[in-house]
Every structure is written in structure tokens, then in C-alpha cells.
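Okay, so here's the structure we're looking at.
Start at 1 with the first residue, then count along the sequence.
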Amino acid sequence: MSETLFSKIINREIPADIVYEDDLSLAFRDINPQAPVHLLLIPKKAIATINDLGPDDRELVGHLFVVAAKLAKEMGFDDDGYRTVMNCGANAGQTVFHLHLHLLAGKPFGWPPYTDRMKQA
Ligand code: 5GP
């Protein structure tokens, strides 16, 4: 996979507000936050989209959610609740092709979660 913005953040080639790191993953604040807390949790392994996941990635994807739960607890929004989102491809609005889990917190979120871009046109 070619280098992406997020692989550059992993390699410290571009700066980010990193809040967590371990052998498998990195978490940092979104540059354009959509909630009072907006983190991006990424695997260090270069995987472009959900479509590119294989059986070997089961633990890695589970790990991202375990990290989400840990950060929610440490940052104190576990009880209030929060939203996790993983966009896949154009229709979901994915813009960075390195797998990432959005972790949004600090306010109530509506449901359904989307704006229908077809209707906006
Ligand atoms: P996507 O739309 O692919 O699901 O989410 C990509 C996210 O990456 C967006 O929420 C966007 O604001 C965030 N983002 C894009 N460029 C940067 C950057 O250089 N640094 C950080 N921290 N976040 C970024």
C-alpha cells in the first residue's frame, strides 16, 4: 500500500496530537473535530479499507475497539456514551485510505447518523 497521511503520522513525518500508542495501534485527535472529543484510532499495519481486511486481521480490529473502551474510561466519557464510526469507501465519505476508527464523544449524537448527500445535490 502506498504511503498515506496516517502512515506519515505513525512514522512521525507529520505532527499529530497523539493520545495513545502501543505496538499495534495509534490514537490521535482529528484535525477537524466533529465533537468535543474526536479521536482517530488506527492500526499501525497499512490496511486501506474494511474491504481489505482478512482473517488475520480479526484481533487487530478487535484491538482498536479495546483501545476505544480504554480511552473512553480514562477520558471519563464511558458512562455518558460515545460513537464509533468506520467509514468505508466513497459512499461513506472515506477520505484517508488507511483504516481508522472515529471515536466521538462529549455530546449527544442523533440517529440516523448520516446526511444523505444524494438529497443535498
Ligand atoms: P474519513 O473521512 O476518511 O473517515 O476520516 C478521515 C479523518 O481524518 C477526517 O475526520 C479528517 O478530519 C481527518 N484528518 C485529515 N487529515 C488529517 C491530519 O492531517 N491530521 C489529523 N489529525 N486528522 C486528519
Side-chain angles (χ1 to χ4, degrees):
M1 202 179 98
S2 61
E3 206 178 21
T4 65
L5 203 55
F6 290 174
S7 59
K8 289 182 183 168
I9 289 176
I10 293 168
N11 296 329
R12 308 307 204 261
E13 291 166 30
I14 61 171
D17 187 353
I18 293 169
V19 298
Y20 177 82
E21 180 169 23
D22 62 29
D23 288 352
L24 297 175
S25 69
L26 191 71
F28 51 92
R29 292 188 193 277
D30 196 294
I31 205 166
N32 183 23
Q34 302 301 312
V37 179
H38 186 172
L39 306 177
L40 299 171
L41 280 53
I42 67 172
K44 288 186 174 174
K45 180 179 175 184
I47 301 169
T49 79
I50 295 173
N51 290 335
D52 302 296
L53 290 169
D56 289 350
D57 299 313
R58 282 187 185 123
E59 272 195 39
L60 185 55
V61 174
H63 181 71
L64 294 182
F65 281 92
V66 172
V67 171
K70 174 183 163 63
L71 292 176
K73 191 167 187 182
E74 285 177 3
M75 293 183 174
F77 54 79
D78 53 336
D79 284 343
D80 285 342
Y82 50 94
R83 179 158 291 166
T84 55
V85 176
M86 195 178 276
N87 293 320
C88 181
N91 271 359
Q94 185 177 2
T95 56
V96 180
F97 287 83
H98 182 120
L99 200 77
H100 51 280
L101 184 67
H102 295 260
L103 174 53
L104 300 129
K107 66 166 200 165
F109 297 98
W111 193 266
Y114 52 81
T115 306
D116 187 332
R117 281 184 275 136
M118 298 276 287
K119 282 183 188 156
Q120 276 185 326

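In this structure, Val67 is a member of the same hydrophobic cluster as Phe65, with clusters built from ILVMFWY side-chain heavy atoms closer than 4.5 Å. The hydrophobic cluster containing Ile18 does not contain Leu64, counting ILVMFWY residues as joined when their side-chain heavy atoms lie under 4.5 angstrom apart, directly or transitively. Linking Ile, Leu, Val, Met, Phe, Trp and Tyr whenever their side-chain heavy atoms come within less than 4.5 Å puts Val19 and Leu103 in one cluster.
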Tabulate below the donor-acceptor pairs under 3.5 Å that side-chain atoms of residues 26-34 make, not counting sequence neighbours, or state none.
unit_1	atom_1	unit_2	atom_2	d
Arg29	NE	Asp17	OD2	3.4
Asp30	OD1	Asn32	N	2.8
Asp30	OD2	His38	NE2	3.3
Gln34	NE2	Asn32	O	2.9

Side-chain donor/acceptor pairs under 3.5 Å, residues 71-88, sequence neighbours excluded:
unit_1	atom_1	unit_2	atom_2	d
Glu74	OE2	Lys70	NZ	2.8
Arg83	NH1	Gly110	O	2.9
Arg83	NH2	Gly110	O	3.1

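Remark: Lys45 pairs with Asp57 by the side-chain hydrogen bond (donor to acceptor under 3.5 Å, both in side chains) rule, at least two apart or across chains. Partners of Arg58 according to the salt bridge (charged side-chain N to carboxylate O under 4.0 Å, His left out) rule, which considers only residues two or more places apart in sequence or in another chain, do not exist here. With sequence neighbours excluded, no residue forms a side chain to side chain contact (heavy atoms under 4.5 Å, CB included) with Glu59. Considering only residues two or more places apart in sequence or on other chains, Asp56 meets the side chain to side chain contact (heavy atoms under 4.5 Å, CB included) condition with none of them.
Distance check, rounded to the nearest 0.5 Å: CG of Leu99 to CG of Leu60 gives 8.0 Å. Rounded to the nearest 0.5 angstrom, Glu13 CD and Ser7 OG are separated by 7.0 Å. In this structure, Thr49 OG1 and Phe97 CZ are separated by 7.5 Å, a value rounded to the nearest 0.5 Å. One distance of note links CG of Leu41 with CG of Leu101; it measures 5.5 Å at 0.5 Å rounding. Between Asn11 atom CG and Phe6 atom CZ the span is 13.5 Å, to the nearest 0.5 Å. How far CD1 of Ile42 is from OG of Ser25: 8.5 Å, rounded to the nearest 0.5 Å.
Crowding of Asn51 atom CG: a count of heavy atoms from other residues, nucleotides or ligands under 6.0 Å exceeding 12.
Between Pro36 and Lys107, the closest heavy-atom pair is CD-CG, 3.9 Å. Summarising the geometry of Ala105 relative to Ala35, their closest heavy-atom pair is O-CB, 3.5 Å, with the distance given to 0.1 Å.
Residues Glu21 and Ile10 form no side-chain contact, since every pair of their non-hydrogen atoms from C-beta on lies 4.5 Å or further apart.
His102 has its ring centre less than 6.0 Å from the ring centre of His100.
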